[in-house]
Peer 1: 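So that we are looking at the same thing, I have put the structure below in structure tokens.
All figures in this text were calculated on a predicted structure; none of them were measured in a lab. Below, chain A is the first sequence line, B the second, and so on; all start at residue 1.
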Amino acid sequence: MVMTTAAALRARKLSQRFYRRDPAVVAQALLGCALVHGERAAMIVETEAYLGPQDLASHARFGPTNRASVMFGPGGVSYVYLCYGVHEMFNVVTGLDGEASAVLIRAAAPICGLPDEPNVARGPGKLTRALALSREQDRLRLDGDRLFLARYRRIAATRVATGPRVGVDYAGSWAERELRFWIDGHASVSGARARR
DNA sequence: GCGGGGATTAACT
DNA sequence: GTTAATCCCCGCG
């Protein structure tokens, strides 16, 4: 078996069209896809959808602010921000221009260019660290040469689990919506507050 | 300007 | 289970 490289994944890059759909649809479709940054690549195993200004868990709830205005543009672009003054979070903007939706990438399994340990990118903060993603990668097209997503593994619908999003208890009834998606039983899915 | 708090993590008790 | 780390965004005045 030949080791997959970041260069080999380039041929399977996702098009801009992929992202211009409903964030919950994109969140599920991203499971099993590869997130590639330079020579590093990991398979996405956990995502969350954020629906728009009406979603009280989303940064879009404040409108098109300096930080989050990229969410209001067309999909296929990165949104990276600093959380708790400590961790950077990597998001994929989705939908059409004017629809402020996005998908948070919460966990991934190593493919190449990073330590082959199931926990190295388990959790959104650890994922950005493992893939060397930071706010320098904010607002970049996701079909670039160094930063892109690609088809990698096909995940059967029966292997996809859903549940409430993590860390958004302040969002009232929006906290209960099942907008978190993960590959059931995968060792790289974040576990701490996985279930409620 | 000021103050509150957060899409987290690791290291404690 | 609890908490520190650490910063900048956002709302308000």
Side-chain angles (χ1 to χ4, degrees), chain A residues 19 22-31 33 35 37 42 44-73 75 77-95 99-110 114-115 117-140 142 149 160-183 186-196:
Chain A
Y19 303 99
D22 182 273
V25 173
V26 175
Q28 294 178 70
L30 282 175
L31 297 176
C33 289
L35 173 56
H37 182 215
I44 295 168
V45 301
E46 180 185 353
T47 58
E48 283 177 358
Y50 288 83
L51 300 194
Q54 75 281 13
D55 179 354
L56 296 182
S58 172
H59 291 175
R61 69 188 185 277
F62 299 116
T65 60
N66 281 336
R67 180 175 66 168
S69 62
V70 67
M71 291 178 71
F72 288 76
V77 183
S78 63
Y79 168 43
V80 185
Y81 71 93
L82 185 65
C83 186
Y84 294 100
V86 182
H87 303 286
E88 326 241 13
M89 304 279 177
F90 184 84
N91 300 260
V92 169
V93 177
T94 64
E99 297 175 346
S101 57
V103 173
L104 170 67
I105 312 300
R106 284 194 57 89
L114 56 161
E117 300 158 11
N119 66 337
V120 73
R122 186 169 62 196
K126 297 175 70 174
L127 178 143
T128 53
R129 187 152 47 95
L131 289 171
L133 293 165
S134 73
R135 281 168 291 173
E136 291 178 26
Q137 282 73 47
D138 187 29
R139 299 176 180 238
L140 298 182
L142 295 173
L149 290 96
V160 176
T162 66
R165 294 171 293 185
V166 176
V168 297
D169 290 345
Y170 58 86
S173 65
W174 285 92
E176 302 164 16
R177 297 281 296 270
E178 300 217 333
L179 292 171
R180 173 170 171 255
F181 305 89
W182 68 93
I183 299 176
H186 197 289
S188 294
V189 172
S190 70
R193 277 155 281 182
R195 307 196 174 268
R196 307 165 35 96

Peer 1: Specify the separation, in whole Å, of atom CD of A/Glu46 and atom P of B/dA7.
Peer 2: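 Atom-to-atom, A/Glu46 to B/dA7, this comes out as 16 Å.
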Peer 1: Considering all heavy atoms of both residues, which atom of A/Leu140 and which atom of A/Glu136 are nearest to each other, and what is their separation?
Peer 2: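 Looking at all heavy atoms of both residues, the closest pair is CD1-O, 4.0 Å.
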Peer 1: Which of these, A/Arg106, A/Arg122, A/His186, sits in a side chain to side chain donor-acceptor pair (under 3.5 Å) with A/Glu46?
Peer 2: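 For A/Glu46, the side chain to side chain donor-acceptor pair (under 3.5 Å) check succeeds only for A/Arg106.
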Peer 1: Among residues 99-109 of chain A, which residues get a heavy atom nearer than 4.0 Å to DNA chain C?
Peer 2: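 Of all residues in residues 99-109 of chain A, none places a heavy atom under 4.0 Å from DNA chain C.
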Peer 1: Say whether, by atom type as modelled, one donor and one acceptor occur between the side chain of A/Asp55 and the main chain of A/Tyr50 under 3.5 angstrom.
Peer 2: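 Absent.
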Peer 1: Looking at A/Tyr19 and A/Val93, what are the two nearest heavy atoms and their distance?
Peer 2: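 It is CB-O, 4.0 Å.
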Peer 1: Between B/dA11 atom P and A/Lys126 atom NZ, what is the distance in whole Å?
Peer 2: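 Rounding to the nearest Å, NZ of A/Lys126 and P of B/dA11 are 10 Å apart.
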Peer 1: Would you say A/Ser78's side chain and A/Arg139's backbone share a donor-acceptor pair under 3.5 angstrom?
Peer 2: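 Checked: pair present.
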Peer 1: Quote, to the nearest angstrom, the C1' distance that separates C/dG1 from B/dA7.
Peer 2: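 Roughly 22 Å separates the two C1' atoms.
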Peer 1: Using both pair distances under 3.5 Å as the test, note the stems of at least 3 consecutive Watson-Crick or G-U pairs that include DNA chain C.
Peer 2: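 Stems (3+ consecutive pairs) listed as B:1-6 with C:7-12, B:8-12 with C:1-5.
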Peer 1: For the residue pair A/Tyr81 and A/Asn91, establish whether any side-chain heavy-atom pair is separated by less than 4.5 Å.
Peer 2: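 Counting from C-beta outward, A/Tyr81 and A/Asn91 do come under 4.5 Å.
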Peer 1: Give a yes or no on whether A/Gln54 atom CD has more than 12 heavy-atom contacts from other residues, nucleotides or ligands under 6.0 Å away.
Peer 2: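 Enclosed.
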Peer 1: Distance check needed: B/dT8 P versus A/Arg180 CZ, whole Å only.
Peer 2: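 For the pair A/Arg180 CZ and B/dT8 P, the rounded distance is 11 Å.
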Peer 1: Roughly how many Å is it from CG in A/Asp169 to P in B/dG6, rounded to a whole number?
Peer 2: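 Interatomic distance, CG of A/Asp169 to P of B/dG6: 10 Å.
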Peer 1: Looking only at heavy atoms, what is the nearest atom pair of A/His87 and A/Gly125, with distance?
Peer 2: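 The pair with the smallest heavy-atom distance is CB-CA, 4.0 Å.
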Peer 1: Report yes or no: do A/Arg135 and A/Thr128 form a side-chain donor-acceptor pair below 3.5 Å?
Peer 2: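 Distance-only check fails for A/Arg135 and A/Thr128.
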Peer 1: Using the P atom in both, what is the distance from B/dC2 to C/dT6, to the nearest Å?
Peer 2: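 Looking at atom P only, B/dC2 and C/dT6 are 22 Å apart.
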Peer 1: When you compare the ring of A/Tyr170 with the six-membered ring of B/dG6's base, are the centres less than 5.5 Å apart and the planes under 30° from each other?
Peer 2: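 No, A/Tyr170 does not stack on the base of B/dG6.
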Peer 1: Distance between the C1' atoms of C/dC8 and B/dA10, in whole angstroms?
Peer 2: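 Straight-line distance between the two C1' atoms is 22 Å.
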Peer 1: Whole angstroms only, please: what is the CD-P distance between A/Glu48 and B/dG6?
Peer 2: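 Computing the A/Glu48:CD to B/dG6:P distance gives 15 Å.
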Peer 1: Once each nucleotide of nucleotides 7-13 of chain C is scored for protein heavy atoms under 4.0 Å, what B/S/- sequence comes out, 5' to 3'?
Peer 2: BSSSS--
Peer 1: Write down the atom of A/His37, the atom of A/Ala132, and the distance for their closest heavy-atom approach.
Peer 2: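 For A/His37 versus A/Ala132, the nearest heavy atoms are CE1-O, 3.0 Å.
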Peer 1: Please answer whether the main-chain N or O of A/Gly52 pairs with a side-chain N or O of A/Ser101 as donor and acceptor at a distance below 3.5 Å.
Peer 2: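 No, the answer is negative, given that no donor and acceptor are paired below the 3.5 Å cut-off.
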Peer 1: How many whole angstroms separate atom CZ of A/Arg165 from atom P of B/dA7?
Peer 2: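 Between P of B/dA7 and CZ of A/Arg165: 10 Å.
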